[in-house]
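Let me begin by presenting the structure, written as structure tokens, before commenting on it.
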Amino acid sequence: MAEQLTKRADDYAKWYNDLVLKADLAEHSEVRGCMVIKPHGYAIWEKMQSALDGMFKATGHVNAYFPIFIPKSYFAKEASHVEGFAKECAVVTHYRLKSDPVHGVVVDPEAKLEEELIVRPTSETIIWNTYKGWIKSYRDLPLLINQWANVVRWEMRTRLFLRTTEFLWQEGHTAHATRQEAIEETERMLEVYRVFAEEWLAIPVIKGLKTESERFAGAVDTYCIEALMQDGKALQAGTSHFLGQNFAKAFDVLYTNKENKQEHVWATSWGVTTRLIGALIMTHSDDHGLVLPPKLAPVQVAVIPISKNAEQLEALRAYVAPMIASLMSKGITVKFDDDDSKKPGWKFAEYEFKGYPVRIAIGPRDMENGTVEVARRDTLEKQVMQVTDIAEKVEHLLGHIQDNLYQKALAMRENNTRAVNSYAEFKEEIEKGGFLLAHWDGTPETEAKVKVETKATIRCIPLGSAPETGTCMVSGNPSKQRVIFARAY
RNA sequence: CGGGGCGUAGCGUAGCCCGGUAUCGCGCCUGCUUUGGGAGCAGGAGGUCGUCAGUUCGAAUCUGGCCGCCCCGACCA
């Protein structure tokens, strides 16, 4: 139920947690660190999948599926990759249980695997081991494959959607004949993520390059889109990696070029996760509950009849039927809630809390006047409208809401992005949250020092920003451009 | 892995210090009245008090062990 949501200003973390639970997006499972994604939350993921999948297809990718289990030895083949993931891998050691008089069932010690299997934390190794058999000639390239899957990373501390032991994602893995082509692919998919974040999630993001210490284990370059949450903390919303020839070399993936010479292929990988649901919540929602951009709302319009008796309800059904039909003919998703075990007031509160972008209430007065009451979730404004052309009006309204959410989030980010020029100023400003633009000398040592002293990290080296020479705020050494610092999720 | 908290009906809780078989709210069921911002009244159902052992005539309550989860920090999308 949706009463007494913690206020954001009182305790942002608690607000987030309460909201996820009370808006019925997810709940904690009995398994530590794992969540159950409930229908309302999963429906949002399905909308994300559908939009992204279309964008992947439009850029020439196809879907496939690779095993959840990865032989342990595969991991050893790419040194930095192992190092990056070794600490958080779940390992399967046996393949059978047997009944036991005391404990019910026990692991059968006779059924030990010769080689342990790793539950995938990411699939580069098994995919590259497979690609080796698929790629022989330049004619086999580029290979552009995506997979929708679950992965497991044994995290020390978890948070619903933001960090769970098991999560859902998509991972694209591509192979190319040239370095240049692979870099273009990396950038192309980063741009797909930017468009998706801004046009669908209504979350403004900054495209950038990760520093060495934040780079994906096994990548040459990691690109990212970074978003700023309402509490002033940064959240990485997607990544795209240029893997160079690291995995091709580790797994011997060679192709014969037009000159009949053997060369290692060039690779990329890129992914977004169910974490985006967390980003969506922390970008748009308020003290009244969830706020969803219309393009990702499982249902865009809730229609609520207000009637005193059964006859009136029948009359209302007849009154709204053409309206609902015309809404649906425009591709708008509608829920007509004529459940008479719940009162209208209860439904208002419920749909508001769950983030339905638009609510239409209709009662006896509306039938007399030829009107409906339209309420928008983003501003909580209510307006009585003539029912004539209501589908067009609602269609426009949904567009406005989508746009308004983006503009509000953008304004929030801009108001919380500022340049700082000294480390003293930085230390003071970082306490207020937000993105800080500062000069950095490019060394991991400086970055580490800042992290230890302020808990802030370099979120990214922004792409496409005008070069600006300066001096590192910490070391005083020369710097070619400002980078973005923030405290992050 | 450290620190803190919690475990009592579907959910949220009181009771525990000071032992006597469990409180209240929400939800659920029945009936009537209601319905434009979480309805009212009346009646009703629902609990191995996380688990195991100990103390005791008697344990939700005292003692010890175990299990589970959550929150805060260090690592990570």
Side-chain angles (χ1 to χ4, degrees), chain A residues 1-5 11 13-14 16-18 21-22 24 27-35 83-89 103 121-122 151-171 193 210 213-217 222 224-227 234-241 269-279 288-289 304-310 312-313 316 337-354 359-369 371-373 375 380 382 384 451-452 455 457 459 488-489:
Chain A
M1 224 28 50
E3 316 86 41
Q4 77 270 347
L5 175 64
D11 186 339
K14 191 163 192 300
Y16 175 82
N17 222 355
D18 283 1
L21 297 174
K22 290 180 177 173
D24 257 346
E27 64 185 35
H28 295 283
S29 81
E30 306 245 320
V31 183
R32 179 197 347 207
C34 294
M35 65 176 171
E83 199 182 329
F85 286 103
K87 290 171 298 192
E88 50 189 36
C89 285
H103 301 98
T122 179
V151 287
V152 168
R153 295 182 187 174
W154 217 264
E155 301 290 350
M156 297 188 224
R157 186 153 131 56
T158 59
R159 293 195 65 188
L160 292 168
F161 289 116
L162 299 174
R163 177 162 297 106
T164 47
T165 300
E166 180 191 15
F167 57 94
L168 306 182
W169 76 349
Q170 57 70 214
E171 45 180 327
Y193 288 153
K210 285 292 186 189
S213 56
E214 297 274 323
R215 187 184 298 156
F216 174 74
T222 288
C224 63
I225 50 172
E226 290 286 326
L235 184 124
Q236 180 176 311
T239 53
S240 185
H241 312 293
S269 67
W270 27 272
V272 299
T273 78
T274 35
R275 174 182 241 201
L276 287 178
I277 297 173
H288 302 278
I304 300 171
I306 298 156
S307 60
K308 292 199 194 309
N309 52 51
Q312 219 168 49
L313 184 56
L316 283 167
D337 188 350
D338 60 351
D339 176 0
D340 67 356
S341 71
K342 299 278 192 292
K343 304 211 1 171
W346 190 93
K347 294 175 188 173
F348 291 177
E350 186 71 5
Y351 292 122
E352 187 170 293
F353 198 87
K354 289 190 173 173
R359 180 187 71 231
I360 298 179
I362 27 100
R365 287 205 302 268
D366 295 305
M367 279 197 290
E368 283 173 29
N369 302 332
T371 57
V372 294
E373 182 195 78
L380 298 171
K382 289 192 285 197
V384 175
K451 184 175 179 180
V452 168
K455 293 182 181 165
T457 50
R459 301 320 304 153
Y489 277 99

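Just so it is clear: chains get the letters A, B, ... in the order the sequence lines come, proteins before strands, and each one is counted from 1.
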*A:Val272 and A:Ile225: side-chain contact (heavy atoms from CB on, under 4.5 Å), yes or no, with the steps?*
CA-CA 10 Å; A:Val272 299; A:Ile225 50 172; 5.7 Å; no
*Rounded to whole angstrom, note down the C1' distance from B:C6 over to B:A45.*
29 Å
*Has the side chain of A:Lys343 got a donor or acceptor that lies under 3.5 Å from a partner of the other kind on the base of B:G40?*
no
*Is A:Phe216 touching bases, backbone alone, or none of the nucleic acid, heavy atoms closer than 4.0 Å?*
nothing
*Run the numbers on A:Gln170 and A:Trp270 for side-chain contact (heavy atoms from CB on, under 4.5 Å), then give the verdict.*
CA-CA 8 Å; A:Gln170 57 70 214; A:Trp270 27 272; 3.6 Å; yes
*Rounded off to whole Å, could you give me the NZ-to-C1' distance for the A:Lys342 and B:A39 pair?*
13 Å
*Remember a base hit wins even if backbone is also touched, and classify A:Ala13 as base, sugar-phosphate or nothing at under 4.0 Å, heavy atoms.*
sugar-phosphate
_Using the side-chain heavy atoms of A:Lys455, tell me which of these nucleotides is nearest: B:G36, B:G37, B:A74._
B:A74
_B:C26 versus B:A39 - spacing of their P atoms, nearest Å_ = 12 Å
*Just by distance, do the side chain of A:Tyr193 and the backbone of A:Cys224 share a donor-acceptor pair under 3.5 Å?*
no
*For B:C70 versus B:C52, give the span between their P atoms, rounded off to a whole number of Å.*
23 Å
*Could you give the CZ-to-P distance, from A:Phe348 to B:A39, as a whole number of Å?*
11 Å
*Please state how far atom CZ in A:Arg159 lies from atom C1' in B:A74, giving the value in whole angstrom units.*
16 Å
*Is the backbone N or O of A:Pro121 less than 3.5 Å from a side-chain atom of A:Arg153, with the two atoms forming a donor-acceptor pair by type?*
yes
*Could you tell me whether the side chains of A:Arg215 and A:Ser213 share a donor-acceptor contact shorter than 3.5 Å?*
no
*asked:* Base, sugar-phosphate or nothing for A:Asp366? Non-hydrogen atoms, less than 4.0 Å.
replied: base
*Between B:U61 and B:U8, how far is it from one C1' atom to the other, in whole Å?*
12 Å
*For B:C49 and B:C16, measure between their C1' atoms and round to the nearest Å.*
11 Å
_Span that lies between the C1' atom of B:G58 and that of B:C66, in whole angstrom_ = 25 Å
*Do the side-chain N or O atoms of A:His28 get closer than 4.0 angstrom to the phosphate oxygens (OP1, OP2) of B:C69?*
no
*Which part of the nucleic acid, if any, lies within contact of A:Val372, taking any heavy atom under 4.0 Å across all strands shown: a base, the sugar-phosphate backbone alone, or nothing?*
nothing
*For B:C71, does either OP1 or OP2 sit under 4.0 Å from a side-chain N or O belonging to A:Asn17?*
yes
_The test is side-chain contact (heavy atoms from CB on, under 4.5 Å); show your working for A:His288 and A:Leu5 and say whether it passes._
CA-CA 7 Å; A:His288 302 278; A:Leu5 175 64; over 6 Å; no
_Separation of atom CZ in A:Arg157 from atom P in B:A77, rounded to whole Å_ = 16 Å
*Between A:Ile306 (CD1) and B:G38 (P), how many Å, whole number?*
11 Å
*NA contact type, A:Gln236, heavy-atom cut-off 4.0 Å: base, sugar-phosphate, or nothing?*
sugar-phosphate
*Within the structure shown, what part of the strands sits under 4.0 Å from A:Gly33 by heavy-atom distance: base, sugar-phosphate, or nothing?*
sugar-phosphate
*Looking only at non-hydrogen atoms, find the nearest pair between A:Ser307 and A:Leu316 and report the distance.*
CB-CD1, 3.6 Å
*Starting at CG of A:Asp340 and ending at P of B:C32, how long is that distance when rounded to a whole Å?*
13 Å
_Same-atom distance (P) from B:U35 to B:C41, integer angstrom_ = 16 Å
*asked:* Reading RNA chain B from 5' onward, which residue's closest nucleotide shows up sooner: A:Val31 or A:Gly238?
replied: A:Val31
*Among the nucleotides B:G38, B:G37, B:C71, which one has an atom lying closest to any side-chain atom of A:Lys382?*
B:G37
*Reading RNA chain B 5' to 3', what string of ( ), [ ], | and . shows its pairs, if Watson-Crick and G-U wobble pairs count only when both distances fall under 3.5 Å?*
(((((((..(((.......[...))).((((((.....)))))).....(((((..]....))))))))))))....
*asked:* Can you identify which nucleotide, out of B:A77, B:C75, B:G38, has its nearest atom closest to the A:Phe167 side chain?
replied: B:A77
*Using a heavy-atom cut-off of under 4.0 Å over every strand shown, decide if A:Lys210 touches base, sugar-phosphate, or nothing.*
nothing
*Rounded to whole angstrom, note down the C1' distance from B:A77 over to B:A9.*
39 Å
*Of all the choices, B:C75, B:A77, B:C69, which nucleotide is nearest to the side chain of A:Arg275 once you look at every atom?*
B:A77
*asked:* Students often get this wrong, so: under 4.0 angstrom with heavy atoms, is A:Arg153 touching a base, only sugar-phosphate, or nothing?
replied: base
*Does the ring of A:Phe167 carry A:Arg275 above it, NZ/CZ under 6.0 angstrom from centre and within 45° of its axis?*
no
*Any donor-acceptor N/O pair under 3.5 Å between B:G37 base and A:Arg359 side chain*: yes
*Does A:Arg32 have a side-chain nitrogen or oxygen under 4.0 Å from the phosphate oxygens OP1 or OP2 of B:C69?*
yes
*Contact class for A:Thr158 vs. all strands (heavy atom < 4.0 Å): base, sugar-phosphate, or nothing?*
sugar-phosphate
*Hey, does A:Leu162 reach any base, or is it just sugar-phosphate, or nothing, if we go heavy atoms under 4.0 Å?*
base
*Test side-chain contact (heavy atoms from CB on, under 4.5 Å) applied to A:Glu166 and A:Met35, step by step*: CA-CA 8 Å; A:Glu166 180 191 15; A:Met35 65 176 171; over 6 Å; no
*Show your reasoning for whether salt bridge (charged side-chain N to carboxylate O under 4.0 Å, His left out) applies to A:Glu226 and A:Lys210.*
CA-CA 10 Å; A:Glu226 290 286 326; A:Lys210 285 292 186 189; 2.7 Å; yes
*In whole angstrom, give the distance that lies between atom CD1 of A:Ile225 and atom C1' of B:A77.*
12 Å
*asked:* Rounding to an integer number of Å, can you tell me how far A:Lys14 NZ sits from B:G4 P?
replied: 21 Å
